2 protein chains.
Amino acid sequence: MRSYGQYCPVAKALDVIGDRWSLLIVRELLIRGPSRYTDLRKGLDGIATNLLADRLRELEAAGVVGSAEAPPPVATTLYSLTERGQELERVVAALGRWGAPLLAAELPDDAYRSHRFALAVKAGKDRSPSQRPVAVEVRVDGEEPMVVETVGGDVKPRAGTAEHPDAVVSGPTLLIVALLTGRLDLATATSRGVHVDGSREALTRVLPARS
Amino acid sequence: MRSYGQYCPVAKALDVIGDRWSLLIVRELLIRGPSRYTDLRKGLDGIATNLLADRLRELEAAGVVGSAEAPPPVATTLYSLTERGQELERVVAALGRWGAPLLAAELPDDAYRSHRFALAVKAGKDRSPSQRPVAVEVRVDGEEPMVVETVGGDVKPRAGTAEHPDAVVSGPTLLIVALLTGRLDLATATSRGVHVDGSREALTRVLPARS
DNA sequence: CCGGATCCGGGTTGATACTG
DNA sequence: CAGTATCAACCCGGATCCGG
């Protein structure tokens, strides 16, 4: 991308991560941790392979992304965020908070992936480090499940299932999303079709404070 | 811009403000408040006029920017941020914090404008609402001056000069910028060529905590 | 001067095909 | 699996023009 040529912190930041797809690549790495090329491509859902290769090169040159050869038997390249790249979490989180209301109305043809709400969940939750860890499994109708765990006051969401979840929430996409992003409280959500198995208290520990 | 087509808060936000120049237009409106087309063009320094017109239309359609006809004798259109647009301040501030280190090395051919550091100054300062207001004038060698004022715990930077500043800082660009963005403390800055007239205490009230 | 609209050359993106 | 190569469509930047 062409530089803006402005001596300004915002413009300089955009010179590095203002390209199309760049911040979404960072989002993907923030959520998934070190990832293979193919997994990034799947998570980004729609990026052209040449663009992904381009962006990874640019971000690596800028010191945002690093790549490492995984040892055998995996034998593949793993892309991950450098320390500098991790610092973009505040930016991505701020964007996500601002963008959350845009999801409210409907679910058009947009590709749904559970893990994309991981950051929203993480950002919405204030730390209470003293309590025991909990694991909550989230199931959206017809989609891959996701797990939200609290570990020492930090919230760690990830794709997949939990062995012994403290609670399992399930229901239609829009309601679950509204619940996870804090637009809907638990009582209303359950009254409209969200189902909770297990400890409701564990679930509330993981939900954002009502916004 | 083409939509990413992803059901994700970050992607949705980028659908709206991910276009080239869009966030810089928001930055400009955040700093300057309601502005005329021509002033935006000057502040953005390098944007093509068709792009500015396009972006303003898009941002207005998205509910981020509003336009209003100023009454005679001014008789011009004033563009401003809607309430929704104001909420982007957190995003722009986060980007600025991340981008600030990129200014460290040198000042190439980049266009310098004092007001671009307004947000950095504002973000870096924690509120201490109880104290009396101060005004500090910032002068960078060969550039337009800027004023930083505190009003009831809030920091209001703007372009221009102050009538009775509590302090005046002046010096070479790089040192002033490092001081304003918190990379340099006042003692080091003065030892390297930054000059302070008036109350040093007023100045420190306006500087960010050392990062 | 202000606030754009229009046109055009070149660079970027996106879809697909192909390769080690 | 991890990309590179190719090519059409689109977007950006710069210049020019035009009505208040």
Side-chain angles (χ1 to χ4, degrees), chain A residues 1-6 11 14-25 28-29 32 34-62 65-80 109-111, chain B residues 1-6 11 14-25 28-29 32 34-62 65-80 109-111:
Chain A
M1 173 196 258
R2 255 184 78 136
S3 166
Y4 286 105
Q6 298 184 359
L14 289 175
D15 280 348
V16 175
I17 46 77
D19 260 322
R20 188 161 167 80
W21 292 109
S22 294
L23 262 188
L24 291 186
I25 293 174
E28 211 63 18
L29 290 173
R32 310 173 91 101
S35 308
R36 297 181 303 175
Y37 186 90
T38 306
D39 293 330
L40 287 177
R41 206 145 101 76
K42 263 180 237 156
L44 288 166
D45 193 56
I47 190 174
T49 175
N50 57 343
L51 284 190
L52 179 53
D54 279 1
R55 293 293 177 273
L56 285 172
R57 256 193 302 274
E58 292 167 7
L59 290 173
E60 191 164 358
V65 162
S67 63
E69 305 298 323
V74 194
T76 184
T77 315
L78 286 181
Y79 294 95
S80 57
D109 302 331
D110 294 349
Chain B
M1 176 196 255
R2 252 182 80 128
S3 165
Y4 285 106
Q6 298 184 359
L14 289 175
D15 280 346
V16 175
I17 47 77
D19 260 322
R20 187 160 168 80
W21 293 107
S22 294
L23 262 188
L24 291 187
I25 292 174
E28 211 63 17
L29 290 173
R32 310 171 91 101
S35 307
R36 296 182 304 175
Y37 186 89
T38 306
D39 293 329
L40 288 176
R41 206 147 102 76
K42 264 180 232 156
L44 288 166
D45 197 54
I47 190 174
T49 173
N50 57 342
L51 286 191
L52 179 53
D54 279 1
R55 293 294 176 271
L56 285 173
R57 253 194 305 274
E58 293 166 7
L59 291 173
E60 192 165 356
V65 162
S67 63
E69 305 299 322
V74 194
T76 185
T77 315
L78 286 181
Y79 294 94
S80 58
D109 302 330
D110 294 348

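Nothing here was measured: the structure is a model prediction, and the numbers come from that model.
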Practice item. Let me see the working for A:Tyr37 and A:Thr76 under side chain to side chain donor-acceptor pair (under 3.5 Å), right down to the final yes or no. Key: CA-CA 9 Å; A:Tyr37 186 90; A:Thr76 184; over 6 Å; no
Review point. Passes side chain to side chain donor-acceptor pair (under 3.5 Å), A:Ser67 versus A:Glu60? Steps please.
Key: CA-CA 8 Å; A:Ser67 63; A:Glu60 191 164 358; 2.9 Å; yes
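For the pair A:Ile47 CD1 and D:dA2 P, the interatomic distance rounds to 15 Å; values are reported in whole Å. Across the protein-nucleic acid pair, B:Leu24 atom CG and D:dC12 atom C1' stand 15 Å apart, rounded to whole Å. As a whole-Å value, the separation of A:Glu60 CD from D:dG3 C1' is 14 Å. Distance, A:Met1 CE to D:dC12 P: 9 Å, rounded to whole Å. In this entry the distance linking CG of B:Leu40 with C1' of C:dG4 reads 13 Å, nearest Å. Whole-Å rounding puts the A:Ile25 CD1 to C:dT13 P distance at 11 Å. As rounded to whole Å, 13 Å separates atom C1' of C:dT13 from atom CG of B:Asp19. In this entry the distance linking CD of B:Glu58 with P of C:dG4 reads 14 Å, nearest Å.
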Between the protein and nucleotides 18-20 of chain C, are there any N/O to N/O pairs under 3.5 Å, and if so, what are the atom names and distances?
none

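When the nucleotides C:dG14, C:dC2, D:dG13 are ranked by their closest atom to the side chain of B:Trp21, D:dG13 comes out on top. Distance from the side chain of B:Arg57 is smallest to C:dA5 among C:dA5, D:dC1, C:dC2. With distances taken from any side-chain atom of A:Tyr79 to the nucleotides C:dG4, D:dC1, D:dG3, the minimum falls on D:dG3. If you check C:dG4, D:dA2, D:dG13 against the side chain of A:Tyr37, the one that comes closest is D:dA2. Set against C:dC2, D:dG14, C:dG14, the side chain of A:Arg2 has D:dG14 as its closest nucleotide.
In this structure, the side chain of B:Gln6 does not engage the main chain of A:Asp110 through any donor-acceptor pair within 3.5 Å. With hydrogens and angles ignored, the 3.5 Å screen pairs a side-chain donor or acceptor of A:Arg55 with a backbone N or O of A:Arg20.
For B:Arg20, a side-chain nitrogen or oxygen approaches OP1 or OP2 of D:dG13 to under 4.0 Å.
Of all heavy-atom pairs spanning B:Val16 and B:Ala62, the tightest one is CG1-CB, 3.7 Å.
Listed in residue order, the members of residues 49-56 of chain A having a heavy atom less than 4.0 Å from DNA chain C are A:Thr49, A:Asn50, A:Leu51, A:Arg55.
With sequence neighbours left out, B:Ser80 forms a side-chain hydrogen bond (donor to acceptor under 3.5 Å, both in side chains) with no residue at all.
Looking at A:Asp19 and A:Asp54, their side chains never come closer than 4.5 Å, going by heavy atoms from C-beta outward.
Classification of the B:Trp21-A:Tyr4 ring pair by plane angle, with boundaries at 30° and 60°, yields perpendicular.
To the nearest 0.5 Å, atom OG1 of residue A:Thr77 and atom CZ of residue A:Arg36 are 10.5 Å apart.
Both A:Thr38 and A:Tyr4 lie close to DNA chain D; mapped to their nearest nucleotides by heavy-atom distance, the more 5′-ward contact belongs to A:Thr38.
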